[in-house]
Number of protein chains: 2
Amino acid sequence: MQLSEKASDKAIVKDTNQSSKVYIEIVKQLRELITTNRLSSGDKIPSERELSERLNVGRSSVREALRALELLGLIETRRGEGTFLRDFRGHHLVQLLSTFILEDEKAKRDVIETKYYIEMDCLQLALKRQNADSLQLLRDKVEHSYAVNDDEFFYRIIEMADNHLFLRMWIILKDYYNSLMFKEEQHSKDGYIRLIEAIEAMDVAELLSAYRQLRNLSISADKI
Amino acid sequence: MQLSEKASDKAIVKDTNQSSKVYIEIVKQLRELITTNRLSSGDKIPSERELSERLNVGRSSVREALRALELLGLIETRRGEGTFLRDFRGHHLVQLLSTFILEDEKAKRDVIETKYYIEMDCLQLALKRQNADSLQLLRDKVEHSYAVNDDEFFYRIIEMADNHLFLRMWIILKDYYNSLMFKEEQHSKDGYIRLIEAIEAMDVAELLSAYRQLRNLSISADKI
DNA sequence: GAATTTCTAGTGGTCAGACCACGAATGTCT
DNA sequence: AGACATTCGTGGTCTGACCACTAGAAATTC
């Protein structure tokens, strides 16, 4: 989809108000351009030079705006081709922030704890949104392998939970978690089968209980 | 606080790997510089020209990096003064992104769902790590006000949960959430008191039940 | 000596122009 | 028709030049 050249070509005026930097204005203009032209993921936006002309601003200012949007994950640039809108499920943000979070706060306990809780949440969601097919697939997979890859198992579970945000968070947590733990966790199939069966039976209490056993968590305050 | 000039002045090499754009490298260098020098909110970072020299890159590339970080809300620039680190709680980016995202209904659902689940998780953690003093404080606060500010209430709960990761995530989600919802949620004290009492009684089932009622969530699959 | 004013150096903000590297479309040769 | 070369448009980067603004130094005034 290409742009029409019409009205929207109003130049950016030096904003009598004050302050607002040119690159901010460009970001606004771009947003407007995107909505009015109904551009969506994958569509191409005008070249830097064209934007520079149409908006009467320097190309470097256009680039400042585009680079910022790129870092945000909203656009994607391909040298020699152009700049394109990106499939932002909005969740790039979690990624970005998480890197910062993990940087400054290396609390091992928090990482582990958060990972576990998210896994429990997603187990419940998977139960709620149960999909017989994918569950059966997972079951086959588990039953036909020697050992179960914990990461892979929960990846599938969280896919079934069908919550992109949780998925993103979990992926990051998982990586960090694995870098914290030396040992490879290899459990027997039994624990995982028990989880699957609890989901099939739609028994939340049993599901959580099974998870706690899998992770060797004390029941403590979590009495059900 | 000013920077020391030492070792870290390694120039950015043209990355034999490939691709990675200069401005991305600069972002990385800046992050490193910030951590190694223990810079924090309010501190000044080197001027654009100085960074340009020290890293052997063009000033425009430095600016691209800085503008991106600025749009993210990580830094603040004051003409004539310099560039400073900012207390980033992420509001900016949330606001920015939400204006871009809005359409995606599924993303919206994920945000709401994730927020609720994290709140439930933190309620349970708060219960587990119960601190009588802060709980009493919260109770007083709730009982002595006309209406309860939901955000503030859960902020305190999550503080009690004492999990930094959850706290960070929740703050982001909360801002998203609020930008999605038009209405201000104002519940009566009763629901919150019930939550507090469930924590005091260390009754998980009651706690979750109280939460669901507060949020008007159907029990559905979440049978306890 | 103290208060005021003026000047100046340094900072971010912006622009214009020049290359480069790369990709795709086009043209050309066999 | 297929293989190769050219060209054009794109993003990537650097340089140098201004401007607007700020803070602190310097000069001036009282």
Which pairs, protein N/O on one side and nucleotides 16-24 of chain C N/O on the other, fall under 3.5 Å?
none

| Rounded to whole angstroms, how far apart are OH on A/Y23 and P on C/dG13? | 8 Å

| task | With sequence neighbours excluded, tell me which residues meet salt bridge (Lys or Arg N to Asp or Glu O under 4.0 Å) with B/E119. | result | B/K115, B/R215

| message | Output the rounded distance in Å from CD1 (B/I24) to P (D/dG11). | response | 16 Å

| request: Just compare C/dG13, C/dT11, D/dG12 and give me whichever is closest to any side-chain atom of A/E48. | output: D/dG12

| message | The criterion is side-chain contact (heavy atoms from CB on, under 4.5 Å); which residues satisfy it with B/S134, sequence neighbours excluded? | response | B/N131, B/M160

| Closer than 4.0 Å, any side-chain N/O of B/T77 to the OP1 or OP2 of C/dG13? | yes

| said: Expressed as a whole number of angstroms, how long is the span from B/L51:CG to D/dT13:P? | reply: 16 Å

| said: If you apply the rule ring-ring contact (aromatic ring centres under 6.0 Å, His included), what do you find for A/Y211 with A/F154, and how did you get there? | reply: CA-CA 11 Å; A/Y211 180 80; A/F154 277 98; 5.8 Å; yes

| message | How many whole angstroms separate atom CD of B/E53 from atom C1' of D/dT13? | response | 17 Å

| message | Restricting to side-chain contact (heavy atoms from CB on, under 4.5 Å), what partner residues turn up for A/T77, sequence neighbours left out? | response | A/R67, A/E70, A/T83, B/K21

| remark: Residues passing the side-chain contact (heavy atoms from CB on, under 4.5 Å) test with A/D121, sequence neighbours excluded, are A/Q124, A/F166, B/Y117, B/D121

| request: Measure from CZ on A/R67 to C1' on D/dT10 and round the result to the nearest Å. | output: 12 Å

| What residues form a side-chain contact (heavy atoms from CB on, under 4.5 Å) with A/Y155, not counting sequence neighbours? | A/E159, A/L167, A/W170, A/I171

